[in-house]
Amino acid sequence: MFDTEEQQDLRAAVSALGRKYGREYYLTRAKTGGNTDELWAEAGELGYLGVNLPTEYGGGGGGITELSIVTEELAAAGCPLLLLVVTPAIAGTILARHGTDEQRAQYLPGIADGSHRVAFAITEPEAGSNFHRIGTVAREDGDDWVLNGRKCFISAVDEARTVLVVARTEDSATGKLQPALFLVPTDAPGFTRSVIEMEIVAPEKQWMLYLDDVRVPASALIGGTPDAGLPALFSGLNPERITVAAMANGNARFALGRAASYVGSRTVWGRPIGTHQGIAHPLAHAQIQVELARLMTAKAAMLYDAGRDLDAGVAANMAKYAAAEAAWLAVDTAIQAHGGNGMTTEYGVASMLGGVRSTRIAPVTREMILNFVAQHVLGQQRSY
Ligand SMILES: Cc1cc2nc3c(=O)[nH]c(=O)nc-3n(C[C@H](O)[C@H](O)[C@H](O)COP(=O)(O)OP(=O)(O)OC[C@H]3O[C@@H](n4cnc5c(N)ncnc54)[C@H](O)[C@@H]3O)c2cc1C
């Protein structure tokens with residue numbers, strides 16, 4: 001990669017932290033219904049959770065490039081932390097860019113030091129990939145807002161103190177509904193949740209959220225005005241896509257690392273199986289795809305950090321697409337290279353299937369990215 005010396009040091013230090021905890025720690029927590037509190041807390045203490053946040057709020061003053069390094073290296077060490085792509089990437093960016101002074105002071109220091117996790121809720125059962133159709137509504141009532149609606153597949157709500165909820169408000173001038181973002185405490189009256197059982201081996205659980213007359217003060221509205229909603233939302237989605245790509249790249253490196261070490265030592269016909277091209281070439285092919293995805297991810301992060309939001313949008317979508325495809329290929333190839341051991345608990349590669357497969361679906365599906373590229377890069381008419 002094009003890391004500066006400082007970024008190389010960050011990469012090495014985060015990698016060391018990830019290896020200190022390691023895959024066993026991550027899998028044990030995932031399989032026993034636990035979470036990764038100790039790793040999260042230590043990453044916060046060391047400044048890794050706030051690398052992209054402003055220094056005046058306890059952050060590192062870096063960008064999405066640095067946060068991608070943190071996300072990738074923890075995943076490459078076997079500890080992909082899903083909340084990194086939610087709390088510092090989405091909520092941290094939105095608050096830093098669009099929060100009021102009061103909101104920044106209240107939330108950013110806790111996000112940076114790891115004491116305040118924020119989940120993000122946009123997806124709804126009826127709207128799915130079409131967020132323009134979300135039905136969660138926020139109604140102004142005196143100095144408060146009252147929220148009603150349902151959200152699905154919201155990650156790690158049980159670990160979060162706050163959920164950044166995307167709702168709709170009515171524009172008083174035009175009567176049109178427009179998206180607005182609200183900081184909703186997870187213990188607010190009327191806010192309930194139920195777990196969605198998933199075939200994913202990960203500590204983070206997925207939740208249905210129910211908002212029934214959830215009342216929040218005016219200070220919970222991001223930017224202090226509903227007009228801040230759309231720009232705030234868009235500024236959070238690219239960091240999410242870029243860090244998901246980084247996590248997929250780290251997962252892919254972990255799987256290929258495991259496979260390379262296995263095929264170098266496993267002997268069936270008197271020679272290590274890695275000497276057979278039928279085994280080595282698919283791994284080499286996957287390695288190349290992963291390096292290309294890393295390159296695209298670094299490009300997207302650089303464009304985003306340079307403030308080139310339009311170019312970054314295209315690159316972030318492409319990076320997420322490329323990284324998800326490469327990670328899926330890498331894990332599938334790594335399993336094949338392990339033979340039967342690829343499906344065992346002991347070797348642990350199959351445990352990656354659900355999580356890695358999900359990155360082709362979330363936070364935006366591969367089909368919606370292809371739609372985006374066809375329309376915005378190739379100039380085709382919108383097909384839906
Ligand atoms: C592990 C995981 C974690 C998640 N975490 C969060 C979270 O923290 N917060 C949150 O808000 N959401 C989260 N999500 C939700 C995720 O963002 C959505 O699942 C995703 O955006 C797809 O929406 P959907 O599931 O409703 O699929 P749908 O929109 O129903 O799509 C179903 C299929 O139809 C295809 N499709 C739909 N429309 C078109 C079209 N116009 N052209 C071509 N194909 C189309 C899709 O590509 C997909 O293959 C998470 C999901 C998962 C799996």
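Each ligand, and each atom within it, is numbered from 1 in the order the structure gives.
- Using a 4.5 Å heavy-atom cutoff, the side chains of Met208 and Arg193 are not in contact.
- Of all atoms in ligand 1, numbered sequentially from 1 with element shown, those under 4.0 Å from a heavy atom of Met368 are 38 (N), 39 (C), 40 (C), 41 (N).
- Distances from atom 32 (C) of ligand 1 to the protein include no heavy-atom value under 4.0 Å.
- Considering backbone and side-chain atoms together, Val86 places no N or O closer than 3.5 Å to any N or O of ligand 1.
- Between Glu72 and Arg11 a salt bridge is recorded (basic side-chain N to carboxylate O distance below 4.0 Å).
- Between Asp144 and Arg139 there is no salt bridge, since none of the side-chain N atoms of the basic residue sits less than 4.0 Å from a carboxylate O of the acidic one.
- Scanning the protein heavy atoms around atom 8 (O) of ligand 1, the nearest turns out to be Ser155 N, 3.0 Å.
- The closest protein non-hydrogen atom to atom 37 (C) of ligand 1 is Ser129 OG, 4.2 Å.
- Comparing Phe153, Trp207, Phe120 by heavy-atom distance to atom 50 (C) of ligand 1, the nearest is Phe153.
- Defined by atom type and a distance below 3.5 Å, a donor-acceptor pair is present between the side-chain atoms of Glu124 and Thr136.
- Between Gln7 and Glu66, the side chains place a donor N or O and an acceptor N or O closer than 3.5 Å (distance only, hydrogens not considered).
- When Ala362, Gly128, Ala156, Ala127 are checked for heavy-atom proximity to atom 24 (P) of ligand 1, Gly128 turns out nearest.
- Contact annotation: for Arg366 versus ligand 1, there are no heavy atoms closer than 4.0 Å.
- Counting only heavy atoms, the protein gets under 4.0 Å from atom 39 (C) of ligand 1.
- Atom 44 (N) of ligand 1 is approached by the protein to below 4.0 angstrom, counting heavy atoms only.
- Ser155 and Gln206 share a side-chain donor-acceptor pair at under 3.5 Å.
- Looking at Thr365, Ile154, Thr359, it is Thr365 that brings a heavy atom closest to atom 46 (C) of ligand 1.
- For Arg360 and Glu325, the salt-bridge test passes: some basic side-chain N is under 4.0 Å from an acidic carboxylate O.
- Polar contact check, Glu367 against ligand 1: a nitrogen or oxygen pair lies under 3.5 Å apart.
- When the heavy atoms of Val163, Leu83, Thr123 are ranked by distance to atom 18 (C) of ligand 1, first place goes to Thr123.
- Looking at Tyr384 next to ligand 1, no N or O pair under 3.5 Å apart turns up.
- Looking at atom 20 (C) of ligand 1, its nearest protein heavy atom turns out to be Ile361 O, 3.7 Å.
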Please step through salt bridge (charged side-chain N to carboxylate O under 4.0 Å, His left out) for the pair Arg29 and Glu38, ending with a clear verdict. CA-CA 11 Å; Arg29 293 305 163 92; Glu38 304 84 357; 2.8 Å; yes

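- Between Tyr262 and Tyr347, the ring centre distance stays below 6.0 Å.
- Those atoms of ligand 1 that come under 4.0 Å of a heavy atom in Pro363, given as number and element, are 17 (O), 21 (O).
- Salt bridge Arg253/Glu73: present, at least one basic N to carboxylate O contact under 4.0 Å.
- Within a 4.0 Å radius of atom 35 (C) of ligand 1, the protein contributes no heavy atom.
- In the vicinity of Ile200, heavy-atom distances shorter than 4.0 Å reach the ligand 1 atoms 1 (C).
- Using a cut-off of 4.0 Å between Lys/Arg side-chain N and Asp/Glu carboxylate O, Arg117 and Asp37 are scored as salt-bridged.
- Heavy atoms of Asn371 come nearer than 4.0 angstrom to ligand 1 in at least one pair.
- Under the 3.5 Å distance criterion, with hydrogens and angles disregarded, no donor-acceptor pair is assigned to the side chains of Asn148 and Asp212.
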